[in-house]
Amino acid sequence: MSRSRIFRSGLGALSPFGIVALAACSSSETRTLGEVIEMGPWAFEVERVQEASRTRPSLGRLMTVTVTIRLHNFTEQLATPFGDFINGYDWGTTTISPHVELEHSDGATFAVVLYPTGRGDRRSERWRAEVDLIPTNAGAMADSGELAERYADTPLSALTLSIENPDRRSGQRARVLVALE
């Protein structure tokens with residue numbers, strides 16, 4: 001049997017396996033607004049996204065994106081409240097590593113920190129963030145006013161909400177991307 005024939009027959013046998021293996025290893029998936037996302041012990045959805053343009057004296061004109069998340073199991077008594085879970089608080093240290101950020105199609109990222117709405121406590125059904133589009137990955141030397149102006153006309157279609165799963169469980173993805181339009 002020729003070498004090329006062995007390669008072709010082996011490749012043919014491995015192709016379905018390779019496709020299944022690649023699908024199983026995928027660590028992220030894309031969702032749309034309103035779809036339920038399961039992460040760790042939580043089930044939630046990105047309920048609403050709004051954009052607004054405003055002017056701040058120190059920055060000039062900038063775009064603000066408001067993201068609202070609705071929990072499906074907000075009344076459960078869990079060891080880790082949703083705010084600690086999603087915002088990346090480590091109460092034993094001074095470390096805060098947010099698990100949510102907006103990603104622009106050009107690679108810029110914007111940190112998202114969610115706060116409870118409604119009752120205003122850590123067991124609220126809805127959580128909200130107002131994000132000024134000033135990139136967090138631009139570096140310390142970047143001019144904030146210039147960056148704000150650069151992203152002041154950003155359409156929601158250029159943004160994706162990226163949510164890292166800090167407590168990945170069986171069948172859950174490491175990251176979920178939510179298209180904002």
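Within the 4.5 Å cutoff, the side chain of T66 has heavy atoms near those of the R128 side chain. Looking at heavy atoms from C-beta onward, E45 lies in side-chain contact with H72 at the 4.5 angstrom threshold. Within the 4.5 Å cutoff, side-chain heavy atoms of I163 are placed close to those of M39. V46 places a side-chain heavy atom less than 4.5 Å from the side chain of L161.
Atoms CD and OG1, on E181 and T32 in that order, are 12.5 Å from each other to the nearest 0.5 Å. W127 contributes atom CH2, which lies 7.5 Å from atom CG of L71 (distance to the nearest 0.5 angstrom). Distance check, rounded to the nearest 0.5 Å: CD1 of I37 to CZ of R31 gives 6.0 Å. In this structure, the separation between CG on N165 and CH2 on W42 is 13.0 Å, given to the nearest 0.5 Å. Atom CD of E47 and atom CZ of R70 lie 6.0 Å apart (nearest 0.5 Å). Taking OH from Y115 and CD from E130, the interatomic distance works out to 10.5 Å, rounded to the nearest 0.5 Å.
Atom CD of E38 has 12 or fewer neighbouring heavy atoms from other residues, nucleotides or ligands inside a 6.0 Å radius.
The minimum heavy-atom distance between S27 and R173, with the atom names listed, is O-CB, 3.6 Å. The minimum heavy-atom distance linking S144 with L59 is given by the pair CB-CD2, 3.6 Å. Heavy atoms only, all atoms of each residue included: T136 and A111 are closest at CG2-N, 3.4 Å. Considering all non-hydrogen atoms of both residues, L62 and A152 come closest at CA-CB, 4.2 Å. Here the shortest heavy-atom pairing between V113 and A129 reads O-CB, 3.3 Å. When every heavy atom of F110 is checked against every heavy atom of L133, the shortest pair comes out as CE2-C, 3.5 Å.
Without hydrogens or angle criteria, T55 side chain to G60 main chain gives no donor-acceptor distance under 3.5 Å. Under the 3.5 Å distance criterion, the side-chain polar atoms of S28 are left unmatched by any main-chain donor or acceptor of V176. A donor-acceptor pair is defined here as one N or O able to donate and one able to accept, closer than 3.5 Å; no such pair exists between the side chain of D132 and the backbone of V65.
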*Kindly indicate, with the supporting measurements, whether the criterion salt bridge (charged side-chain N to carboxylate O under 4.0 Å, His left out) is fulfilled by E101 and R175.*
CA-CA 11 Å; E101 61 186 6; R175 183 169 89 137; 5.8 Å; no
*For L102 and T109, what are the C-alpha separation, side-chain angles and deciding distance, and is it a side-chain contact (heavy atoms from CB on, under 4.5 Å)?*
CA-CA 6 Å; L102 285 173; T109 59; over 6 Å; no
*What do the steps show when you test V100 against E164 for side-chain contact (heavy atoms from CB on, under 4.5 Å), and what is the final call?*
CA-CA 6 Å; V100 184; E164 298 283 332; over 6 Å; no
_Worked check of side chain to side chain donor-acceptor pair (under 3.5 Å) between T64 and R54_ = CA-CA 7 Å; T64 299; R54 62 185 176 147; 2.9 Å; yes
_Audit row: L33, V178, side-chain contact (heavy atoms from CB on, under 4.5 Å) steps and yes/no_ = CA-CA 7 Å; L33 292 173; V178 180; 4.2 Å; yes
_Stepwise side-chain contact (heavy atoms from CB on, under 4.5 Å) check, E51 with M63_ = CA-CA 7 Å; E51 60 185 331; M63 176 71 69; 3.8 Å; yes
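For D167, the salt bridge (Lys or Arg N to Asp or Glu O under 4.0 Å) partners two or more places apart in sequence, or in a different chain, are R169. Qualifying side-chain hydrogen bond (donor to acceptor under 3.5 Å, both in side chains) partners for R48, counting only residues two or more places apart in sequence or in other chains: none.
Judged as a ring-ring contact (aromatic ring centres under 6.0 Å, His included), the pairs with a partner in residues 43-67 (not counting sequence neighbours) are, in order, F44-F82.
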